[in-house]
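Written below as structure tokens is the structure these notes are about.
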Amino acid sequence: MGHISFNPAAKSIFLRLKISSINADTSRDVLVALDTGASTTMIPTEVATHLGYDLSNPNEQMMTASGIVSAKRITVPKLTAIGETVENIDVVCHDLPEGSIIEGLLGLNFLKHFDLNISFSRGTIELNSINTIPR
């Protein structure tokens with residue numbers, strides 16, 4: 001079971017996301033927001049490039065607050081957040097606006113691998129592994 005604490009008075013839930021390199025031999029940590037409205041986890045392009053991913057030929061259209069943008073969808077060998085890891089998971093590579101506090105978003109495609117419990121009264125998030133992934 002994964003577990004973290006957060007500030008329930010904050011406007012968003014921030015957490016660390018560990019992204020593995022294309023060979024899964026190195027990784028980078030980024031600050032992301034928990035976003036249950038995001039279908040896919042999003043990471044910054046600079047981090048993906050640094051970890052060895054080829055971001056040429058964007059293959060994804062996504063809706064942002066600024067409109068529709070092109071992005072690259074890649075498969076990452078490992079993503080770790082809230083003390084839990086998901087293997088071979090798709091992420092979208094896109095940069096948030098300059099001055100953003102966060103570098104990316106932890107989306108539903110990661111969270112759906114777990115039973116998720118968010119307690120605002122305690123300021124905690126718990127992830128419990130489940131055997132099957134809902135489709």
Side-chain angles (χ1 to χ4, degrees):
M1 175 180 73
H3 178 274
I4 63 165
S5 297
F6 68 94
N7 178 358
K11 293 182 180 183
S12 296
I13 298 173
F14 302 116
L15 53 106
R16 302 306 279 169
L17 176 66
K18 180 184 258 185
I19 307 158
S20 72
S21 66
I22 195 164
N23 300 333
D25 55 352
T26 61
S27 63
R28 286 266 305 263
D29 284 357
V30 296
L31 184 65
V32 298
L34 179 72
D35 188 348
T36 59
S39 58
T40 306
T41 297
M42 184 175 70
I43 66 171
T45 58
E46 179 274 325
V47 170
T49 301
H50 175 81
L51 292 171
Y53 297 97
D54 178 8
L55 301 188
S56 60
N57 302 317
N59 57 2
E60 181 90 4
Q61 295 288 310
M62 55 184 248
M63 178 63 81
T64 70
S66 304
I68 298 174
V69 297
S70 294
K72 180 73 174 193
R73 181 181 290 262
I74 61 172
T75 301
V76 175
K78 290 182 188 177
L79 277 185
T80 301
I82 313 172
E84 295 288 345
T85 299
V86 174
E87 296 183 349
N88 300 316
I89 182 170
D90 284 357
V91 299
V92 174
C93 302
H94 180 69
D95 296 318
L96 292 172
E98 185 80 23
S100 292
I101 296 171
I102 57 169
E103 298 174 85
L105 304 172
L106 184 66
L108 288 179
N109 71 321
F110 182 92
L111 298 171
K112 74 178 185 178
H113 292 267
F114 307 95
D115 284 331
L116 170 65
N117 181 16
I118 301 174
S119 171
F120 285 93
S121 63
R122 292 191 318 257
T124 60
I125 298 175
E126 295 175 350
L127 292 180
N128 292 296
S129 293
I130 55 177
N131 294 330
T132 58
I133 299 170
R135 299 281 177 205

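Residues take their numbers from the sequence shown, with the count starting at 1.
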Worksheet, complete the sentence: Shortest non-hydrogen pair, P44 vs V30, comes out as CG-CG1, 4.3 Å
Practice prompt. Show the numbers, then the answer: is there a side-chain contact (heavy atoms from CB on, under 4.5 Å) between L31 and R16?
Written response: CA-CA 5 Å; L31 184 65; R16 302 306 279 169; 3.1 Å; yes
Discussion item. Apply side-chain hydrogen bond (donor to acceptor under 3.5 Å, both in side chains) to residues S56 and D54 and explain how you reach the verdict.
Written reply: CA-CA 6 Å; S56 60; D54 178 8; 2.7 Å; yes
Discussion item. Is a donor from one side chain sitting under 3.5 angstrom from an acceptor on the other, for T40 and N109?
Written reply: no
Worksheet item: Between L127 and L116, is a side-chain contact (heavy atoms from CB on, under 4.5 Å) present by the stated rule, with each step listed?
Response: CA-CA 5 Å; L127 292 180; L116 170 65; 3.6 Å; yes
Practice prompt. Run the numbers on K18 and T85 for side-chain contact (heavy atoms from CB on, under 4.5 Å), then give the verdict.
Written response: CA-CA 9 Å; K18 180 184 258 185; T85 299; over 6 Å; no
Response to the item:
For residues 42-53, the side-chain hydrogen bond (donor to acceptor under 3.5 Å, both in side chains) pairs (sequence neighbours left out) are R28-E46, T45-D95
Practice prompt. Please test I125 against F6 for side-chain contact (heavy atoms from CB on, under 4.5 Å), starting from the C-alpha separation and ending with a verdict.
Written response: CA-CA 8 Å; I125 298 175; F6 68 94; 3.7 Å; yes
Worksheet item: For L51 and S20, which heavy atoms make the closest approach, and how far apart are they?
Response: CD1-O, 3.9 Å
Worksheet, complete the sentence: OG1 (T36) and CD1 (I118) are apart, to the nearest 0.5 Å, by 7.0 Å
Item to complete: For T75 and D90, indicate whether the former's side chain and the latter's backbone hold a donor-acceptor pair under 3.5 Å.
Response: no
Response to the item:
Rounded to the nearest 0.5 Å, the CG atom of N88 sits from the NZ atom of K78 at a distance of 10.0 Å
Worksheet item: Within the side chain of E84, is there an N or O that forms a donor-acceptor pair under 3.5 Å with the backbone of G2?
Response: yes
Fill in: Separation of I43 CD1 from H94 NE2 (nearest 0.5 Å)
12.5 Å
Worksheet item: Could you state the interatomic distance from OG1 (T26) to CD1 (I19), rounded to the nearest 0.5 Å?
Response: 11.0 Å
